[in-house]
Amino acid sequence: MKWLIPLALLCNAFIAQAAEPDPAPWPGPSLYHLDQTWIDQNTLEHRLSDWAGGPVVIALIFTRCTYSCPITITYLQRLDAQLTAEEKARTRVLLISLDPTHDTPAVLAAFAEKRGLDLKRWTLLQGKEADVRALSVALSMRYKATGKGEFSHGSGITLLGPKGQVRYQGQDQAETLTALRGK
Amino acid sequence: MGMRLSFWAALVVGCAPGGFANAAPGPLIDIPAGTYRPLLPGKNEPKKTPVAAFRLDRQPVTEADFKRFVQAVNKWRPGTVPALFADANYLSHWAGPERLKPSQPIVHVSYFAADAYCAWRDARLPTTAEWEYVGAASATSREGRDDPKYNARILEWYGRPATAERGTVRSQAPNVFGVYDMHGLIWEWTSDFNSVLVTGESRGDSSLERGLFCGAGALGAADPSDYAAFMRTAFRSSLDGRYAGVGLGFRCAQDAHPSSRSNAPRSKGKEPSK
């Protein structure tokens, strides 16, 4: 009968794992509480919290966008060009597709190559439609599929701090840099 | 012998992971396919949007329903939810002096809380199109707007102060789909509430610029006399997903042939260790 107690303890430990949520290391408003998984242009799986530790710039785009998304990407490339080497080493850029049905990893990879994106520091992500919607709500961004592969959407970028808190949202280069360099 | 057997039974039962999972299926009803007329159709959108057949809760999620959920899923207890997912008003009425009835619709729930509840029931939030399609119906017609008193009744309810006591579900007759309380009780979350794009000028909100939106084009309202739809559109455009305010609740929906909760195929790969 001696083995019953260790067995009971083991079961209790198992229950404790299953029932209690892990205490999150993220502050309350951190985007890293989102635990959905995303697939990048190389078909590797990620969670957003994988990018914790440095500034992260997020833009919601779709590869067939011919209006504001190219402008946003150019904006981000210009932002990158203004970073110091040390800032560049810490900063990452995420382009997340609003159109996961069309923007598969292969499509994202081809798009990245066509635009000459620095894939050492930029990642393009495909998610489930429901997860894209949840992310957009978490970012207070709006978008709508308007038919024929088109999306109406806000074009501002989001800057996250090292722990996933929103530091800046909008389209102003100077303000983005200030927020990135701020405390 | 009896003691040992009950001990083993308790051990086996206690080891079951996660508890006995989801609640009994909610009160979903089949809604047949149809069309609805969006208030602000986009440039490429048809004036009459088809809505596929789906299932919708006959009534809003109640206080009793949501209490069961919070008891089953610890991380949605008030005080445990990160600020990303709900503001400080989340379930604030449970700690207040108000005497609550189990069959009142739940309120003070954020988008994320509502979404999590529906997922717990293997369901989802209805889309705005689905909600508006069912919401267009009166007790006798799919097009409530045909009844002159219909809009008047809704607007009369919108005119009441938010502090008026919340009624209980199913106090009024259902609409022609057999669905209760689409109007007259609470405002309701939809899965894509943030797909409503409103330019700044009409609401005097100068921080929201037209230039922020691509593909917006010229959005004209389909029926300027449907002021109730305007109200709901304006309300949805004012919402943030964390907002857990008074008078805002939800009901759940389900695909007619439910498979996985979210759609869109996705190529998968294994992540190498970072």
Side-chain angles (χ1 to χ4, degrees), chain A residues 4 7-8 11-12 14-15 17-21 24 26-34 39-40 42-46 50 65 67-69 71 100-101 104-106 126-134 136-138 140-148 150-156 164 171, chain B residues 7-8 10-12 14-19 41-46 73-75 80-85 110-112 115 119 124 128 191-198 208-209 211-217 219 237 239-242 260-272 274:
Chain A
L4 270 177
L7 179 64
C11 278
N12 275 338
F14 179 67
I15 294 165
Q17 272 293 92
E20 288 300 316
W26 316 120
S30 169
L31 266 291
Y32 297 150
H33 288 292
L34 291 167
I39 306 294
D40 74 13
N42 294 322
T43 72
L44 299 175
E45 196 173 274
H46 300 275
D50 290 353
C65 174
Y67 185 52
S68 82
C69 309
I71 298 170
T101 310
T104 61
Q126 177 207 35
K128 299 198 190 88
E129 281 189 18
D131 295 345
V132 177
R133 181 62 65 183
S136 73
V137 174
S140 304
M141 301 282 293
R142 307 177 199 227
Y143 76 98
K144 178 178 187 172
T146 54
K148 298 179 188 166
E150 282 297 320
F151 291 81
S152 270
H153 64 106
S155 58
Q171 320 190 97
Chain B
F7 174 83
W8 276 107
L11 200 62
V12 168
C15 285
K43 215 166 26 139
N44 294 328
E45 283 183 285
V73 186
N74 282 346
K75 64 178 176 177
T80 324
V81 181
L84 182 74
F85 293 141
S110 67
Y111 171 87
F112 297 102
D115 188 57
R124 55 172 174 81
T128 304
S191 62
D192 58 348
F193 76 91
N194 67 334
S195 66
V196 173
L197 299 174
V198 180
L208 196 62
E209 295 168 63
L212 282 176
F213 299 100
C214 78
L219 301 178
S237 74
L239 290 172
D240 180 276
R242 284 153 276 274
S260 71
R261 235 194 112 220
S262 28
N263 41 17
R266 211 178 61 177
S267 334
K268 291 191 80 148
K270 286 279 185 342
E271 182 197 13
K274 280 202 152 21

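Chain naming here is simple, since letters A, B, ... match the order of the sequence lines and numbering starts at 1 in each.
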| Considering residues at least two apart in sequence or located in another chain, which fulfil the side chain to side chain contact (heavy atoms under 4.5 Å, CB included) criterion with B:S191? | B:L125, B:T127
| For the student: nearest non-hydrogen atoms of A:G28 and B:P82, plus distance | O-CB, 3.4 Å
| query | What are the two closest non-hydrogen atoms of B:A83 and A:P29, and how far apart are they? | reply | CB-N, 3.9 Å
| Distance-minimising heavy-atom pair for B:V196 and A:R142 | O-NH1, 3.0 Å
| remark: Scanning both residues in full, the closest heavy-atom pair of A:S30 with B:L84 reads O-CD2, 3.3 Å
| Nearest heavy atoms of B:N194 and A:S136, plus distance in Å | ND2-OG, 2.8 Å
| task | Just give me the residue among A:V132, A:V137, A:I71 that pairs up with chain B most often, heavy atom to heavy atom, under 4.5 Å. | result | A:V137
| request: Provide the closest heavy-atom pair for B:Y111 versus A:R133 in the form atom of the first, atom of the second, distance. | output: OH-CG, 3.6 Å
| said: For B:R242, give me all partners under salt bridge (charged side-chain N to carboxylate O under 4.0 Å, His left out), at least two apart in sequence or on another chain. | reply: B:D240
